[in-house]
*Asks:* 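Before I ask anything, let me first share the structure, which is written out below as structure tokens.
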2 protein chains.
Amino acid sequence: MKDKQHIIDDIRAFNRYYTGLLGLLNNHLLDSDYSLAEARILYEIHSLQPVSASQIMSNIVIDKGYLSRVLKQFEKSGLISKQVSSEDARITLVSLTATGLTLFNKLNSASEEQIATLLNKLSSKEQQQLVGHMQAIRTLLSD
Amino acid sequence: MKDKQHIIDDIRAFNRYYTGLLGLLNNHLLDSDYSLAEARILYEIHSLQPVSASQIMSNIVIDKGYLSRVLKQFEKSGLISKQVSSEDARITLVSLTATGLTLFNKLNSASEEQIATLLNKLSSKEQQQLVGHMQAIRTLLSD
DNA sequence: TTGTATTAGTTGATAAAGTCAACTAATGAT
DNA sequence: ATCATTAGTTGACTTTATCAACTAATACAA
């Protein structure tokens with residue numbers, strides 16, 4: 001039975017470890033023209049479209065000015081289209097264009113590929129266990 | 001039994017979740033004058049001192065030019081002292097000064113406090129389980 | 001030993017990323 | 001109607017990060 005200090009140390013060690021792993025997994029973005037933030041915004045748009053900037057901000061911690069500019073750039077480069085909400089003219093809903101969807105699929109596949117490479121080292125049973133541990137962590141921390 | 005695609009999706013969902021959690025836990029640094037990178041460098045120096053820039057780079061992914069500047073600034077502000085290695089004059093070993101140690105302790109306590117707050121929502125048994133899941137993940141992924 | 005490659009670290013120049021406040025326009029609430 | 005709030009934009013700026021060129025020291029092999 002570990003004492004509290006020991007538990008805290010272990011969690012921080014895991015956090016350092018996992019920060020590094022997340023960094024490795026996100027490395028493939030360096031070969032693309034997109035940052036992690038942009039990739040994540042694209043992911044949110046894909047998941048929630050048509051979606052407002054505010055909705056995106058409720059899923060990602062990001063400055064609204066920064067987000068506004070990213071979306072502006074996305075529109076300029078033809079990745080998304082904007083449409084003012086018919087219910088509330090303050091709100092602009094964004095959706096992926098065909099080009100945006102193609103890009104999303106490309107980035108998404110690359111992300112999946114990273115994970116797949118990680119999983120290749122594990123047996124099927126170990127893979128199930130890994131996911132089990134992850135879900136257990138989320139469950140423990142989400143109450 | 002989940003198929004591979006399902007497993008990949010679950011892992012990516014965990015990664016998004018944990019990225020957000022790490023962001024929250026690192027938020028306390030916004031109230032300090034130090035960035036996450038700086039805090040981590042300070043941590044490495046504390047752990048490994050006397051330590052070279054190269055050694056730090058083997059623990060953190062960071063540009064050597066950037067690291068060089070951070071260390072230069074640390075020295076300038078009296079947080080670390082530098083000493084050329086007696087065995088190899090290319091190598092500069094850095095150590096925390098008393099001021100640096102004080103700062104480290106402060107940042108360290110704040111980090112621990114963040115974790116402690118997270119743990120407060122859990123019973124002692126759940127805390128042990130949480131650490132168990134984390135170690136299991138590390139074990140699975142580190143082979 | 002001498003030349004060649006490698007390693008450690010620094011610096012200049014630049015780009016990318018993120019922050020903050022002021023602002024407009026639309027809507028909500030009393 | 002007025003006042004407050006919400007959504008989003010923009011300008012100005014700082015911080016963070018990247019990359020290549022460079023010096024100096026050491027390793028290594030002929």
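Just so it is clear: chains get the letters A, B, ... in the order the sequence lines come, proteins before strands, and each one is counted from 1.
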*Asks:* Whole angstrom is fine here: how far is it from CD1 in Ile41(B) over to C1' in dA17(D)?
*Replies:* 12 Å
*Asks:* Look up atom CD in Gln49(A) and atom OG1 in Thr97(A), then write down how far apart they are to the nearest 0.5 Å.
*Replies:* 9.5 Å
*Asks:* Measure from CG on Leu71(B) to P on dT16(D) and round the result to the nearest Å.
*Replies:* 15 Å
*Asks:* Find the distance between CG (Leu103(B)) and OG (Ser32(B)) and round it off to the nearest 0.5 Å.
*Replies:* 7.5 Å
*Asks:* Nearest whole Å is fine: how far is dT5(D) P from Ile91(A) CD1?
*Replies:* 18 Å
*Asks:* Tell me whether the count of non-hydrogen atoms from other residues, nucleotides or ligands lying under 6.0 Å of CD in Glu87(A) goes above 12.
*Replies:* no
*Asks:* Using a 4.0 Å heavy-atom cut-off, write out nucleotides 16-30 of chain C from 5' to 3' as B (base contacted by protein), S (sugar-phosphate only) or - (no contact).
*Replies:* -SBBB-----BS---
*Asks:* Distance check: side-chain N/O of Ser68(A) vs OP1/OP2 of dA7(D), anything under 4.0 Å?
*Replies:* no
*Asks:* Within this structure, what is the CZ-to-P distance between Phe74(B) and dG9(C), rounded to whole angstrom?
*Replies:* 16 Å
*Asks:* First locate atom OH of Tyr43(B), then atom CD1 of Ile60(B), and finally report the distance between them rounded to the nearest 0.5 Å.
*Replies:* 10.5 Å
*Asks:* OP1 or OP2 of dT9(D) less than 4.0 angstrom from a side-chain nitrogen or oxygen of Lys82(A), does that happen here?
*Replies:* yes
*Asks:* Compute the bend angle of the helix from dT1(C)-dA30(D) to dT30(C)-dA1(D) from the end axes (five pairs per end), rounded to 10°.
*Replies:* 30°
*Asks:* Counting only side-chain N and O atoms of Ser54(A), is one of them less than 4.0 Å from OP1 or OP2 of dG8(D)?
*Replies:* yes
*Asks:* Is there a side-chain contact between Ser81(A) and Val94(A) in this structure, where contact means two heavy atoms from C-beta onward sitting under 4.5 Å apart?
*Replies:* no
*Asks:* Do you know the tightest heavy-atom contact between Asn108(B) and Arg12(A)?
*Replies:* ND2-NH1, 2.9 Å
*Asks:* In Å and rounded to the nearest 0.5 Å, what is the OG to CD distance from Ser109(B) to Glu113(B)?
*Replies:* 8.5 Å
*Asks:* Is any side-chain heavy atom of Leu42(A) closer than 4.5 Å to one of Leu96(A)?
*Replies:* yes
*Asks:* Provide, to the nearest angstrom, the distance between the CD atom belonging to Gln73(B) and the C1' atom belonging to dA17(D).
*Replies:* 16 Å
*Asks:* Crowded around Lys4(B) NZ? As in, over 12 foreign heavy atoms under 6.0 Å?
*Replies:* yes
*Asks:* Expressed as a whole number of angstroms, how long is the span from Met57(B):CE to dG9(C):P?
*Replies:* 6 Å
*Asks:* CD1 of Ile41(A) to CZ of Phe104(A): how many Å apart, nearest 0.5 Å?
*Replies:* 13.5 Å
*Asks:* With a 4.5 Å limit on heavy-atom distance, are the side chains of Leu141(A) and Tyr17(B) in contact?
*Replies:* yes
*Asks:* Can you tell me how far P of dG9(C) sits from CD of Glu75(B), to the nearest Å?
*Replies:* 13 Å
*Asks:* For DNA chain D, find the residues of residues 43-53 of chain A with a heavy-atom distance under 4.0 Å and give them by number; none if there aren't any.
*Replies:* Ser52(A), Ala53(A)
*Asks:* What is the distance, to the nearest angstrom, from the CG atom on Leu29(A) to the P atom on dA17(D)?
*Replies:* 16 Å
